[in-house]
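Okay, so here's the structure we're looking at.
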Number of protein chains: 2
Amino acid sequence: MAKRQSAKNFGAYIDRTIKIIRQNYLKAFKEINVDLTTEQWVLLDSLHQSDGISQNELANGSFKNAPTVSRIVDLLCKKGLTERKRFESDKRRYKVFLTKKGKDTYKKTKPVVVKLRKKGWKNLTDEDYDFFLRIMNQIFENFEEKK
Amino acid sequence: MAKRQSAKNFGAYIDRTIKIIRQNYLKAFKEINVDLTTEQWVLLDSLHQSDGISQNELANGSFKNAPTVSRIVDLLCKKGLTERKRFESDKRRYKVFLTKKGKDTYKKTKPVVVKLRKKGWKNLTDEDYDFFLRIMNQIFENFEEKK
DNA sequence: GAAATATATTTGCCATGGCAACTATTGCTA
DNA sequence: TAGCAATAGTTGCCATGGCAAATATATTTC
């Protein structure tokens, strides 16, 4: 039973959970010989859903900031998984695309991710997920900047 | 209502939540002119509870690995908040202590952290916390290495 | 008691990410 | 239209942290 104190140390639990999730992703990719981090996969996933979006859009969709996305896209391009093309109408922006290799890598890793997600939610229910989402969103909202 | 699919993308929510928590801690410390990160505070807190423990014990208690603790303790020592003393009986180990300044800093920041924890749990109940702990611990357990 | 093992800590390399400053381009406005 | 503000992206600096290798000391084993 949780301690009945008004100041709850939820951060520590969130921290250790996200850490073990990242480690499991990394290990699972390694096991199928894919050189990809969790965060790199997140961007591949965004691109799979909306190929050709800008880095800014990638950032918004993945809760990352612009510099981080810039650097991860650099890495993905170096690995040959994505490529950048300038917008014609706005030369400040890039469209980021999955290459053939990027699409293949996504196809190869997606089932692994699905398996990881199932593994992570083992012994938990759909109702638990609703509860989980409500709590996570509430904490997030509580800390959001008041406009 | 959450999507009824067996592979639930819980990671993204955990990720964005831990990020906004860290940002709030950092900002709150800055506002009271304390130069301290969230993770540095976590170690101060451990030391406040058990002054003189080793870096290994610090690591275990904070879900950090040994290299990370080593580097954070370096920083804390540079800031004059902690000091290392060798064990007499085991010269591989250090005992890490809070200095006077470290204790003062802890006293100054603790109320701020309590306030942040309350802020983060706004509109959530004790029962929510039990639920939250159960779900977080279950996810963690699901990903833990089978011995 | 010497050699092999185990443990505590450090260091190096790299990825993520926060923040600020910078460049290039576009849009707005007086 | 000249000048300024806004936007997209990059770069630098630093902290965290994962992993592997190195160092120093302790413990075990033969």
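Every value quoted in this text rests on a predicted model; they were computed, and no experiment measured them. Hydrogens, waters and symmetry mates are skipped; everything else that's a heavy atom, side chains included, is used. Chain letters run A, B, ... following the sequence lines, proteins first, then strands; residues in each count from 1.
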Next on the checklist: At a heavy-atom distance below 4.0 Å, which nucleotide of DNA chain C is the first touched by chain B, and which is the last?
Outcome noted: C:dA6 to C:dG18
Next on the checklist: Under a 4.0 Å threshold between the charged nitrogen and the carboxylate oxygen, would B:D51 count as salt-bridged to B:K95?
Outcome noted: no
Checklist entry - Taking the side chain from A:T17 and the backbone from B:F140, do they hold a donor-acceptor pair closer than 3.5 Å? => result no
Next on the checklist: Could you check whether B:D104 pairs with B:K108 (Lys NZ or Arg NE/NH1/NH2 to Asp/Glu carboxylate O, under 4.0 Å)?
Outcome noted: no
Item to check | Under 4.0 Å protein heavy-atom contact, by nucleotide of nucleotides 5-11 of chain D - B base, S sugar-phosphate only | outcome: -BBSSBB
Next on the checklist: Using a 4.0 Å cut-off on heavy atoms, which residues in residues 15-30 of chain A reach DNA chain D? List them by number, or say none.
Outcome noted: A:K19, A:Q23
Checklist entry - For DNA chain C, whose closest nucleotide is more 5', that of A:K91 or that of A:N65? => result A:N65
Next on the checklist: For residues 47-82 of chain B, which residue pairs pass the ring-ring contact (aromatic ring centres under 6.0 Å, His included) check, not counting sequence neighbours?
Outcome noted: B:H48-B:Y106
Item to check | A:E39/A:R22 salt bridge by N-O under 4.0 Å criterion | outcome: yes
Item to check | Distance under 6.0 Å and angle within 45° of ring axis: B:K119 vs A:F143 | outcome: no
Checklist outcome for this item: residues 69-78 of chain A vs side chain to side chain donor-acceptor pair (under 3.5 Å), sequence neighbours excluded, gives A:D74-A:R84
Checklist entry - Does B:R86 count as lying over the ring of B:Y94, i.e. NZ or CZ under 6.0 Å from the six-ring centre, within 45 degrees of the axis? => result yes
Next on the checklist: List the residues meeting side chain to side chain contact (heavy atoms under 4.5 Å, CB included) with B:A28, not counting sequence neighbours, and say none if there are none.
Outcome noted: B:V112, B:L116
Next on the checklist: Looking at B:D128 and A:R134, is there a salt bridge between them, counting it only when a charged N and a carboxylate O are closer than 4.0 Å?
Outcome noted: yes
